[in-house]
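Since the structure comes first, as structure tokens, the remarks are kept for the end.
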Amino acid sequence: KPTFVDTLRLEWMSPKYYGRDVVLVEGDDDKDFYSNLFLDSCYVKKTSGCAKLIEYHQQMDAAWTYSCHIAIKDADFDRANGTMISMTGFFYTDCHDHEMMAASSDDFMADLLSACNSPYSVANVRSQIFADLRVLSMFRWYNHTMHTHLNCKKGVELVGAKTADLHNPSWLYAQYMNRKVNQDPNKGITTSLTDFATFCSTHTTNDFDLTNGHNFIARFCGIIEGDQGSYPFPLINSIVQTYYQPKYFRSTQLYADIAGWEASHVKILKER
């Protein structure tokens, strides 16, 4: 069976990608986001998730000799849990994921709020979103860290949710348990609200490391003032993916880390 490197080699040999330096990312949104930030001499290639990203980067380290390559992984909870790995050409987002890295830019958030005709200040909208998502984000961190087998990827409607519900762990737990994927008696779910409360009392981290970017965007759509129907999730998500530009990126640690790699390899970052 052909390996990822075998398949990539065939793509790389085509006229469209021949000679390009490779930037591995996790998924479609990552590809849209990072394509704005790297030179046209790069091929931004998705890899279907964080585990595959690590595996494929290792395969390329062992067998790729055609051009330079790097990989960018969403930090997820790796930074919060101290589980980040170190490999040459392997980089992490500053925050939980690339959407949160965008949200950490005051200038980008100000431009986004202006585009939505919102009267909120950057500080106020961030503060409200973080407060509304705090319990959910902690719950996701708890389930990820404690390996409870509860699927937390979907199940909570964030755009129209009541603030009181989002602040209620019992309500959140019920939303997840109402999902069919979590109702299999053979799944071995070990999560409990008592254990969750203990976890919360012993764990703290930065809101930007804790909060999932898709959740942040969804809650953003739910709280900005004006005609909410004009600002659905797909529209705001598209803006985040396609309008985050090098002028915002240059202030991040990720940019600095890749720029350091460039010094002994090849230029790949856009300057403007």
Side-chain angles (χ1 to χ4, degrees), residues 27-30 32-33 74-77 80 93-144 151-176 178-179 196 200 203-245 248-249 251-252:
D28 289 322
D29 281 353
D30 302 272
D32 292 341
F33 184 83
D74 287 347
D76 298 321
F77 296 114
T93 52
D94 286 27
C95 306
H96 186 94
D97 47 32
H98 72 264
E99 292 97 343
M100 290 310 303
M101 191 168 65
S104 71
S105 166
D106 289 350
D107 290 340
F108 178 77
M109 283 296 294
D111 289 346
L112 178 59
L113 287 165
S114 176
C116 295
N117 299 310
S118 173
Y120 280 98
S121 71
V122 171
N124 285 345
V125 75
R126 273 206 207 107
S127 177
Q128 184 172 345
I129 293 172
F130 284 148
D132 287 352
L133 295 180
R134 183 74 185 181
V135 175
L136 180 145
S137 298
M138 287 294 294
F139 200 74
R140 290 178 60 121
W141 185 21
Y142 157 69
N143 279 281
H144 172 85
N151 188 313
C152 291
K153 288 187 177 180
K154 298 179 181 178
V156 180
E157 174 51 59
L158 293 172
V159 175
K162 297 178 181 178
T163 299
D165 286 337
L166 289 174
H167 290 191
N168 184 346
S170 297
W171 181 86
L172 284 169
Y173 180 68
Q175 305 313 299
Y176 288 126
N178 283 337
R179 294 190 63 215
F196 173 57
C200 289
H203 289 73
T204 58
T205 193
N206 183 290
D207 281 319
F208 289 102
D209 288 334
L210 179 66
T211 308
N212 175 279
H214 276 208
N215 291 347
F216 185 94
I217 295 170
R219 197 57 183 164
F220 177 95
C221 296
I223 68 170
I224 58 173
E225 294 182 0
D227 179 5
Q228 292 186 12
S230 298
Y231 311 116
F233 177 88
L235 172 62
I236 302 302
N237 189 54
S238 177
I239 291 173
V240 173
Q241 306 310 331
T242 58
Y243 289 94
Y244 183 83
Q245 300 297 323
Y248 311 115
F249 190 42
S251 64
T252 65

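Throughout, residue positions are numbered sequentially from 1 according to the sequence presented.
- Inter-residue side-chain proximity for Leu112 and Tyr243 is flagged as unmet; no heavy-atom pair is nearer than 4.5 Å.
- With sequence neighbours excluded, the residues satisfying side-chain hydrogen bond (donor to acceptor under 3.5 Å, both in side chains) with Asp30 are His98.
- Between Ser238 and Asp32 the shortest side-chain heavy-atom distance does not fall below 4.5 Å.
- No donor-acceptor contact under 3.5 angstrom links the side chains of Ser114 and Asp111, judged on distance only.
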Carefully, step by step, assess Asn237 and Cys221 under the rule side-chain contact (heavy atoms from CB on, under 4.5 Å). CA-CA 10 Å; Asn237 189 54; Cys221 296; over 6 Å; no
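- Looking only at side-chain heavy atoms (C-beta outward), Phe249 and Ser105 stay at 4.5 Å or farther from each other.
- Nearest heavy-atom pair, Ala75 versus Cys95, reported as atom, atom and distance to 0.1 Å: CB-O, 3.2 Å.
- Annotation: Tyr142 is not in aromatic contact with His203 [ring centroid separation under 6.0 Å not met].
- Using a distance-only test at 3.5 Å, with no hydrogens or angles considered, a donor-acceptor pair links the side chain of Tyr231 to the main chain of Cys116.
- Taking NE2 of His214 as the start and CG of Asp97 as the end, the distance is 7.0 Å to the nearest 0.5 Å.
- At a threshold of 4.5 Å between non-hydrogen side-chain atoms, the residues Phe208 and Met101 do not count as touching.
- Within the 4.5 Å cutoff, the side chain of Tyr176 has no heavy atoms near those of the Asn151 side chain.
- Residue pairs that meet the salt bridge (Lys or Arg N to Asp or Glu O under 4.0 Å) test with at least one member in residues 152-170, sequence neighbours left out, do not exist here.
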Criterion salt bridge (charged side-chain N to carboxylate O under 4.0 Å, His left out) on Asp207 and Arg126, from CA distance to verdict: CA-CA 10 Å; Asp207 281 319; Arg126 273 206 207 107; over 6 Å; no
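- Side-chain atoms of Thr211 and Arg134, non-hydrogen and from C-beta on, never get closer than 4.5 Å to each other.
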Might you work through the side-chain contact (heavy atoms from CB on, under 4.5 Å) test for Leu158 and Phe233, ending with a clear yes or no? CA-CA 10 Å; Leu158 293 172; Phe233 177 88; over 6 Å; no
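- Among all heavy-atom pairs drawn from Tyr244 and Thr252, the shortest one is OH-CG2, 3.6 Å.
- When all heavy atoms are compared, the tightest approach of Gln175 to Val156 is CB-CG2, 4.0 Å.
- Taking 4.5 Å as the limit, every side-chain heavy atom of Ser137 sits out of range of all side-chain heavy atoms of Trp141.
- Between Phe139 and Cys152, the closest side-chain pair of non-hydrogen atoms falls below 4.5 Å.
- Less than 6.0 angstrom separates the ring centroid of His96 from the ring centroid of Phe77.
- Between Phe130 and Phe216, the distance separating the two ring centers is shorter than 6.0 angstrom.
- When all heavy atoms are compared, the tightest approach of Ala110 to Val122 is N-CG2, 3.5 Å.
- Donor-acceptor pairing under 3.5 Å is lacking for the side chains of Asn124 and Gln128.
- For the atom pair CG of Leu133 and NE2 of His167, the computed distance is 8.5 Å after rounding to the nearest 0.5 Å.
- Ile236 contributes atom CD1, which lies 13.0 Å from atom CD of Glu99 (distance to the nearest 0.5 angstrom).
- Interatomic distance, CZ of Arg140 versus CG of Asn215, reported as 5.0 Å (0.5 Å rounding).
- Atom CG of Asn143 sits about 11.5 Å away from atom CE of Met138, to the nearest 0.5 Å.
- A side chain to side chain contact (heavy atoms under 4.5 Å, CB included) with Arg219 is found for one member of Leu136, Leu166, Val125 and no other, namely Leu166.
- In terms of modelled atom types and a separation under 3.5 Å, the side chain of Ser118 and the main chain of Ile224 share no donor-acceptor contact.
- Of the N and O atoms on the side chains of His144 and Asp76, not one donor lies less than 3.5 Å from an acceptor on the other residue.
- Counting only distance, with no hydrogens or angles, the side chain of Asn178 and the backbone of Ala174 share a donor-acceptor pair below 3.5 Å.
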